[in-house]
Amino acid sequence: MLTDRYGLALSTASRDARDAYVAGVDSLLSAAAGVEGHFGCALDADPNFSLAYVGLARARFLKADVAAAREAAARARALAQAATPRERSHVNAIALAVEGKVPDSLAATRAHLVEHPRDAMVLAPATGVFGLIGFSGRQEREAEMYELLSSLAPHYDADWWFDSMLAFAACESGRLDEAQPLIERSMAANPRSPHGAHVKVHVLYELGEWKEGFDYLEDWMPGYPKEGLMHCHLSWHVALFALAVGARERAWQAYRAGAHPGGSWGPPLNAVSDSASFLWRAELAGEPRNPELWREARDYALACFPKVGVPFADVHTAIACVASGDFAALEKLVGEMNARLEAGKLAPGRVVPALAEGFSAYVKEDWNEAIRWLERALPETVRIGGSRAQRDLVEKTLAAAYLKAQRPEDARRLIARRPA
């Protein structure tokens, strides 16, 4: 029987289907361009290959093409009935996530990995800061992610993809001494992995190596097609590093061409969070407010996320609303947040509306009110999801509010928590 790159048996007799499937898996795991094309070739060679269908479903879901993703997942479920027990379990775990059944998917993933720890495609949706654990709303999610990946490390033997995911988990849980050699080993094995490049710049960001991160991405990015899944978000990293090293013209160029709605291509979650985050950071760094860019970011956010329900997106949508002066939209958002909270349907809890209120107070220059809300939210900000590098927007805004409220010692104490 044919096997995949991880040594797992596949229910296809077609070598062409197997080879295209392996290429699709590696492209998906790395966030390279052309993922759907590879899975399509696998299905051309074997139309009954259930794993290629669920891989296609996962690829479409990551692009936020939810209807097409669920259609492919349903086809995968039907075909998996004739496959092996491992493949049926594989399809079920991934399909549950595509179907929006996140707790069930995570439970199925954990059970599957007990029997098949090297099934990277099943593990992948649980990894990263936007995954099943990352968006769980739990305070301890970073430790949970690190513990899961650490427990599986003996099964992966320096695999480039697994090394990058374990490095990210180590980085996010403050284990930079562990993260750095892991990501260097990963990138030595696959230097063109977009996910790997992403993890590397997160490690450099946390270390305060702004110039090294900027130079690295300036060299790495030209070879990455704009249609790649991570292009938008990596452009955001370029813009942030450029701000940090004082290359402000380059920061705006990277933002407009790669991260701003209309200039970027990327999943809506990235485009919404990255646009609001960069524009806010630019103002904290002394750049004048650009009302047109803020309006465009707000309009895009409200179009993509017209109702609350994805807390990381909701917080950044709220930021875009307050920065563009749309307090009516903000009031509606906060009202929906509080309604979900009272109904027990807001996994991160009160931190989500608290952040919206804090950023609103900051825009209104009510520094003490901004401090009150942001101080309350800061200890639980991890619950909204996203990386440390993304969530430090809250710390930066709180530090700025302290300074504007003539409380420099409080600002110094806050900054000292993360010297980089």
Side-chain angles (χ1 to χ4, degrees), residues 1-63 65-99 101 104-105 108-127 131-132 152 155-157 159-162 165 189-190 192-195 228-229:
M1 185 174 280
L2 299 175
T3 62
D4 67 9
R5 190 168 67 80
Y6 291 94
L8 300 171
L10 300 174
S11 291
T12 181
S14 167
R15 290 186 177 276
D16 288 343
R18 187 274 310 272
D19 293 347
Y21 174 74
V22 169
V25 168
D26 279 354
S27 294
L28 191 149
L29 294 178
S30 68
V35 178
E36 292 184 64
H38 290 306
F39 287 131
C41 287
L43 291 169
D44 287 341
D46 182 353
N48 297 317
F49 192 6
S50 61
L51 295 197
Y53 261 114
V54 86
L56 183 62
R58 171 74 176 155
R60 289 173 174 173
F61 188 74
L62 289 171
K63 291 172 57 178
D65 190 355
V66 177
R70 290 179 176 172
E71 180 182 350
R75 181 62 177 155
R77 282 193 179 280
L79 292 172
Q81 298 308 307
T84 64
R86 198 274 300 182
E87 289 171 310
R88 287 197 297 274
S89 176
H90 173 116
V91 167
N92 180 57
I94 297 173
L96 283 168
V98 171
E99 292 158 358
K101 301 169 184 175
D104 292 342
S105 178
T109 295
R110 289 187 180 279
H112 181 90
L113 292 172
V114 170
E115 298 294 326
H116 311 286
R118 282 180 60 79
D119 201 335
M121 277 288 285
V122 171
L123 174 58
T127 63
L132 299 174
L152 294 171
H155 299 283
Y156 280 86
D157 191 28
D159 175 72
W160 60 264
W161 171 76
F162 185 84
M165 292 299 99
N190 187 358
R192 293 306 304 169
S193 166
H195 271 315
L229 189 71

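The residues of the chain are indexed from 1 along the displayed sequence.
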Could you tell me how the ring of F162 sits relative to the ring of Y156: parallel (under 30°), tilted (30 to 60°) or perpendicular (over 60°)?
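Rings of F162 and Y156: parallel, under 30°.
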For the residue pair [X] and [Y], what are the closest heavy atoms and their distance?
X: P117; Y: V114; result: CD-O, 4.2 Å
X: A72; Y: R60; result: CB-NH1, 3.8 Å
X: F61; Y: A69; result: N-CB, 3.6 Å

So, do R5 and D26 sit near enough that their side-chain heavy atoms are less than 4.5 Å apart?
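Of all side-chain heavy-atom pairs linking D26 with R5, at least one is under 4.5 Å.
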I want to check something: taking the side chain as every heavy atom from C-beta on, are V25 and W161 in contact at a cut-off of under 4.5 Å?
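Contact flag for V25/W161 side chains = no.
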Please determine whether a side-chain nitrogen of the Lys or Arg among D119 and R86 lies less than 4.0 Å from a carboxylate oxygen of the Asp or Glu.
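Yes, D119 and R86 are salt-bridged.
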One thing to verify: whether E36 and K63 come together as a salt bridge, which I'm taking to mean a side-chain N less than 4.0 angstrom from a carboxylate O.
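Judged by the 4.0 Å cut-off on N to carboxylate O distance, K63 and E36 do form a salt bridge.
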To the nearest 0.5 Å, tell me how far [X] [atom1] sits from [Y] [atom2].
X: Y21; Y: L28; atom1: OH; atom2: CG; answer: 9.5 Å
X: R110; Y: L132; atom1: CZ; atom2: CG; answer: 9.5 Å
X: Y6; Y: L29; atom1: OH; atom2: CG; answer: 5.5 Å
X: E87; Y: H116; atom1: CD; atom2: NE2; answer: 10.0 Å
X: S27; Y: L229; atom1: OG; atom2: CG; answer: 11.5 Å
X: H195; Y: M165; atom1: NE2; atom2: CE; answer: 6.0 Å

Taking distance alone, no hydrogens or angles, what donor-acceptor pairs closer than 3.5 Å link side-chain atoms of residues 45-57 to residues at least two apart or in another chain?
residue: D46; atom: OD1; partner: N48; partner atom: N; Å: 3.0
residue: D46; atom: OD2; partner: T12; partner atom: OG1; Å: 2.7

Partners of R15 by side-chain contact (heavy atoms from CB on, under 4.5 Å), sequence neighbours excluded?
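Here the qualifying residues are L2, R18.
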Above 12 or not: heavy atoms from other molecules or residues under 6.0 Å from CD of E71?
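Check fails, neighbour count at 12 or below.
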Just to verify, what does R88 make a salt bridge (Lys or Arg N to Asp or Glu O under 4.0 Å) with, not counting sequence neighbours?
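Result, salt bridge (Lys or Arg N to Asp or Glu O under 4.0 Å) vs R88: none returned.
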Which is it for N92 and R77 under the side chain to side chain contact (heavy atoms under 4.5 Å, CB included) test, yes or no, and what are the steps along the way?
CA-CA 7 Å; N92 180 57; R77 282 193 179 280; 3.0 Å; yes
Quick check against the 3.5 Å criterion: does T109 have a side-chain atom that pairs as donor or acceptor with the backbone of S105?
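Confirmed, T109 side chain pairs with S105 backbone.
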